[in-house]
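Indexing begins at 1, ligand by ligand and atom by atom, following the structure's order.
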Amino acid sequence: MSIPAPAPHLSMTSSAIALRERARSLGVDLENLPQHIAIIMDGNGRWAKARGFARLLGHREGYRALRGILLAASELGVRYLTVYAFSVENWRRPQDEVMGLMKLIEQAARDELRLMHQNNVRVNITGRVHEVPETLQRALREGMETTSTNTGITFTLAVNYGGRAEITDAVKAIVRNGTPADEITEEMISENLYNPHQPDPDLMVRTAGEMRWSNFLIWQSAYTELVVSEVSWPDFKPDHLIEAVKTYQARVRKFGAVVE
Ligand code: IPE
Ligand code: IPE
Ligand code: MG
């Protein structure tokens, strides 16, 4: 696809300046932002049910919310955003919901590519992507190729992702290389994950109140700060993201050490 290259970001857009100013006024330290934010976008189904809508309509609204949060994270100056779109366990859902989600992700990947490229977003994927429908794989691949040299936020979509699956795949790769058991290190496992060059998430946000990881980035989030929002994902707005960042900034990260 021929899409014009992103405008060189020599100066910040007025929308970015306004959002950063708003974050500052709400108490966010812009010099100390989480470098990598991961989000478990949960609550689409409950959001729809509460309104008497089909679950898929909740997913559609969720995708709209994602557009706003991706742009907000990018404007704030976050370097990596990783979002959970479909887990390896989500195949257990009714087939029409699963197929609807696959179609929705594909449509979103195609429809949003221009906007992402114009905003200098680098698109990336994580998960057992080879197991999703071929047309979705193609749309995701096209997104990654088109934006591969962009220098703004790295946006990673987790599709057919499971943390245990990822660790299992890493161990298989290490064993396949003939590495002796005694030489296996934590660094080696990290290097064999799907995105070895990304820093671990600093902040993991889960929406809709559930306090669990649901198999998301379980290796990488060993020391990630978890912030749970009661807001359902379709209602999650840039101000909620700013609030989560503020909560993160009030935490003391100790990594097992004594911090006075
Ligand atoms: C999250 O919303 C989206 C996916 C898991 C694909 P849910 O569909 O899990 O929403 P709830 O948890 O049923 O409300
Ligand atoms: C996690 O949410 C997966 C995604 C957000 C894609 P789930 O709704 O599937 O998690 P559980 O089932 O409540 O743990
Ligand atoms: Mg859920």
Should you measure from each heavy atom of Met41, which atoms of ligand 2 turn up under 4.0 Å away? 5 (C)
I'd like to know if Arg206 and Glu230 make a salt bridge, using a cut-off of under 4.0 Å between side-chain N and carboxylate O. no
Below 4.0 angstrom from a heavy atom of Ser214, which ligand 2 atoms are there? Numbered from 1 as shown, please. 1 (C), 10 (O), 11 (P), 14 (O)
Is it true that Arg24 and Glu21 have a side-chain N and a carboxylate O under 4.0 angstrom from each other? yes
What are the atoms of ligand 1, with element, lying closer than 4.0 Å to any heavy atom of Leu101? 6 (C)
Please classify the Arg206 to ligand 2 contact at 4.0 Å (heavy-atom distances, strictly less than): side chain, backbone, both or neither. side chain
Using 30° and 60° as the class boundaries, would you call the ring planes of Phe255 and Tyr223 parallel, tilted or perpendicular? tilted
Testing Leu33, Val205, Val227 one by one against Val245 for a side chain to side chain contact (heavy atoms under 4.5 Å, CB included), which residue passes? Leu33
Within the 4.0 Å heavy-atom shell around Phe86, which atoms of ligand 2 are there? 6 (C)
In ligand 2, the atoms that come under 4.0 Å of a heavy atom of Asn90 are 3 (C), 6 (C), 9 (O)
Whether Glu210 lies under 4.0 Å from ligand 1, heavy atom: no
Any ion pair linking Glu75 and Arg20 (charged N to carboxylate O, less than 4.0 Å)? no
Suppose we measure from atom 2 (O) of ligand 1 to each protein heavy atom; which comes out shortest, and what is that distance? Asn44 N, 3.3 Å
At less than 4.0 angstrom from any non-hydrogen atom of Arg212, what atoms of ligand 2 do you find? 11 (P), 13 (O), 14 (O)
Heteroatom test (N, O or S) for Glu210 near the Mg ion (ligand 3), limit 2.8 Å: no
Lys/Arg N to Asp/Glu carboxylate O, Lys246 vs Asp29, below 4.0 Å: no
Hey, is atom 12 (O) of ligand 2 touched by any protein heavy atom at less than 4.0 Å? no
Return a yes/no value for Trp47: is any of its N or O atoms, backbone included, closer than 3.5 angstrom to an N or O of ligand 1? no
Run the contact test for Ala208 against ligand 1 with a 4.0 Å cut-off on heavy atoms, strictly below, and give the result. no
Hey, are Arg64 and Asp235 close enough for a salt bridge, meaning a charged N less than 4.0 Å from a carboxylate O? no
Beyond-backbone contact of His117 with Asn150, side-chain heavy atoms, under 4.5 angstrom: yes
Can Tyr80 and Gln35 be counted as having a side-chain donor-acceptor contact under 3.5 angstrom? no
With heavy atoms of Arg93 as the reference, note each atom of ligand 2 found under 4.0 Å away. 7 (P), 8 (O), 9 (O)
Regarding Arg110 and Glu106, does a basic nitrogen lie under 4.0 Å from an acidic carboxylate oxygen? yes
Would you mind running through ligand 2 and noting each atom that sits below 4.0 Å from a heavy atom of Ala85? 6 (C)
